[in-house]
Each structure stands twice: as structure tokens, then as C-alpha cells.
A.B. asks: 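Have a look at the structure that comes next, please.
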Amino acid sequence: MAQLIFGRNAVLEAARAGRVVKVYQAAGVGHDPRLEEIARLARIEVVPAERLDQMAPGVNQGVAAELKPRRDWTLNELLATEPTLLVALDSILDPQNLGAILRSAEVAGADGAILPEHRSAPLSPAAVKASSGASELLAIARVSGLPSAVIEVKRAGIWCAALDPRGEALPWEFDFTQRVCIVVGSEGAGVHRLVKERADVRVRLPVAGHVASFNASAAAAAILYEVMRQRGAGS
């Protein structure tokens with residue numbers, strides 16, 4: 001069965017990426033420039049709102065789309081593209097966090113993401129919607145384990161920086177203008193011990209309040225913004 005995604009931004013970005021087979025739009029959704037662009041890019045079938053709600057439960061914003069099969073990237077294929085910025089996700093199990101991190105990565109100009117085959121939220125419709133379609137634009141490689149993936153990334157000449165509340169470096173103390181892979185861990189366990197040990201640097205975000213650390217997606221956004229700042233994005 002074809003993957004179904006929903007949400008106006010998610011469907012629009014998938015259509016722009018050429019991944020949409022067919023769009024289902026609820027009758028009477030009204031005017032929206034995003035819907036007009038979707039209609040120019042893909043085939044539309046107008047359906048009753050009740051049917052769309054059955055197909056795509058949740059806040060679907062009156063639109064859903066069937067997608068072509070996603071390209072499965074291997075880590076070697078991703079590294080062969082000579083990426084300058086990658087994001088690796090270690091045990092991110094919440095689809096909202098997964099989508100939000102992928103969105104921040106794409107906004108920051110990341111060339112791809114690395115996800116473990118196990119102990120990771122799937123790229124479900126909820127994750128795609130949370131990413132605002134960024135997941136359809138990023139090259140995503142699945143790996144059997146992150147510790148071995150970190151070794152391969154480093155062999156390709158890319159520095160690995162793991163987010164760690166007890167890390168030895170602050171974000172502005174590390175040179176993010178280099179080719180780098182940022183590893184983001186879960187909110188509970190964080191980045192696993194072996195991954196942290198194999199990373200080149202462990203970076204901590206300073207906190208001023210009583211809560212010990214940021215939400216995983218907020219932490220990823222903060223460090224990715226620092227990457228952009230150092231690289232002069234928008235200057």
C-alpha cells in the first residue's frame with residue numbers, strides 16, 4: 001500500500017519534490033495558495049471531508065497525498081555525496097520530535113540524516129507532517145547501528161559532534177565550519193555511551209533554569225542554528 005501523508009505544507013513539499021502520486025482534497029476547503037500550487041503539481045481528487053478524515057485521521061488540513069516509494073539511501077551512498085552537514089538521530093522514538101528535528105536540519109542546510117533501523121520512530125504521516133515536508137527533501141540513510149555508522153562517517157573525513165548535557169565543549173567553542181555530523185539523542189537516555197565515546201567532541205548547551213536539559217528537537221534546533229551562524233548563513 002502506498003504511503004499516505006497529510007497536511008498542506010507536507011503535501012506541498014512532497015509535490016515539489018516529485019514524490020506525489022495522487023492528492024486527495026476535501027470538498028469546500030476554501031482558498032489557499034498552497035492548495036493552488038499543489039493542484040499545478042499533482043493530480044487532485046476532491047472527496048467528501050468525512051472520507052478524508054477516515055483516510056487521514058488527525059489534523060489533516062483538508063488534504064492528503066499518496067507518495068511514490070521513498071528512495072532507500074545506504075550510508076555509503078550518502079557519504080559519496082560529499083556532505084558538509086549531517087544529522088544522526090539516536091533513539092528518537094517520538095514521531096513529533098523526529099519530524100521537528102528533520103525540519104530544523106533541512107532549514108539549516110543539512111545534506112542528509114542518519115537513522116538507526118531499530119529504536120527509532122518511523123517516518124510516519126505524523127512525522128512527515130511535523131517536519132512540514134522536510135523529510136521528503138532530505139536524503140535519509142538507515143543504518144543497523146549508530147556506533148559503527150559514526151566510525152564510517154569519521155573515515156569519510158567528517159567530524160562527529162554528539163549533544164551531551166555533560167559535554168566538554170560549548171557550541172561556540174567548536175568549529176562548525178568544518179564538515180560535521182551532529183548526533184542528537186533521546187530525551188531520556190541521551191546519546192548512547194558507545195556513540196559518545198566514538199564522537200570527536202561532546203557539545204553541551206548551557207542552561208540557566210532548573211530543568212536540566214532541552215527537549216531533543218529544541219536542542220537540535222539550537223545547535224543547528226549555531227552551525228548556520230558560524231557558516232555565515234544569511235549574512
A.B. asks: Test of understanding: with side chain to side chain donor-acceptor pair (under 3.5 Å), list the residues that count as partners of Arg40, not counting sequence neighbours.
C.D. replies: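 Arg40: no side chain to side chain donor-acceptor pair (under 3.5 Å) contacts found.
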A.B. asks: The criterion is side chain to side chain donor-acceptor pair (under 3.5 Å); which residues satisfy it with His31, sequence neighbours excluded?
C.D. replies: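 Side chain to side chain donor-acceptor pair (under 3.5 Å) list for His31, sorted by chain: Glu36.
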A.B. asks: Through direct or indirect side-chain contacts below 4.5 angstrom among Ile, Leu, Val, Met, Phe, Trp and Tyr, which residues connect to Phe6?
C.D. replies: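 Members alongside Phe6: none; it stands by itself.
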A.B. asks: Walk me through whether Glu82 and Arg179 qualify under side-chain contact (heavy atoms from CB on, under 4.5 Å).
C.D. replies: CA-CA 9 Å; Glu82 296 291 321; Arg179 299 174 68 203; 3.8 Å; yes
A.B. asks: Could you check whether Glu117 pairs with Arg142 (Lys NZ or Arg NE/NH1/NH2 to Asp/Glu carboxylate O, under 4.0 Å)?
C.D. replies: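 No, this pair does not count.
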A.B. asks: Taking the hydrophobic residues Ile, Leu, Val, Met, Phe, Trp and Tyr, and joining any pair whose side-chain heavy atoms are under 4.5 Å apart, which ones share a cluster with Val59?
C.D. replies: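 In the cluster with Val59 there is nothing else; it is isolated.
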A.B. asks: With a 3.5 Å cut-off and no angle check, do the side chains of Asp111 and Thr84 form a donor-acceptor pair?
C.D. replies: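 Result is yes, a qualifying pair exists.
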A.B. asks: Test: salt bridge (charged side-chain N to carboxylate O under 4.0 Å, His left out). Region: residues 90-105. Which pairs qualify, not counting sequence neighbours?
C.D. replies: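 Output for this query is empty, none listed.
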A.B. asks: Could you pull out the closest heavy-atom pair between Gly185 and Val191, with the gap in Å?
C.D. replies: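 Nearest pair, atom of Gly185 first, then Val191: N-CG2, 3.5 Å.
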A.B. asks: List in chain and number order the residues that pass side chain to side chain contact (heavy atoms under 4.5 Å, CB included) with Ala127, two or more places apart in sequence or in another chain; answer none if no residue qualifies.
C.D. replies: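 Ala127: side chain to side chain contact (heavy atoms under 4.5 Å, CB included) contacts with Pro95, Leu98, Ser124.
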A.B. asks: Take atom CG of Asp175 as the centre, draw a 6.0 Å sphere, and report whether it contains more than 12 heavy atoms from other residues, nucleotides or ligands.
C.D. replies: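 Above 12, so yes.
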A.B. asks: Which heavy atom of Val63 sits nearest a heavy atom of Val23, and at what distance?
C.D. replies: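 Between these two residues, the closest heavy atoms are CG2-CG1, 3.6 Å.
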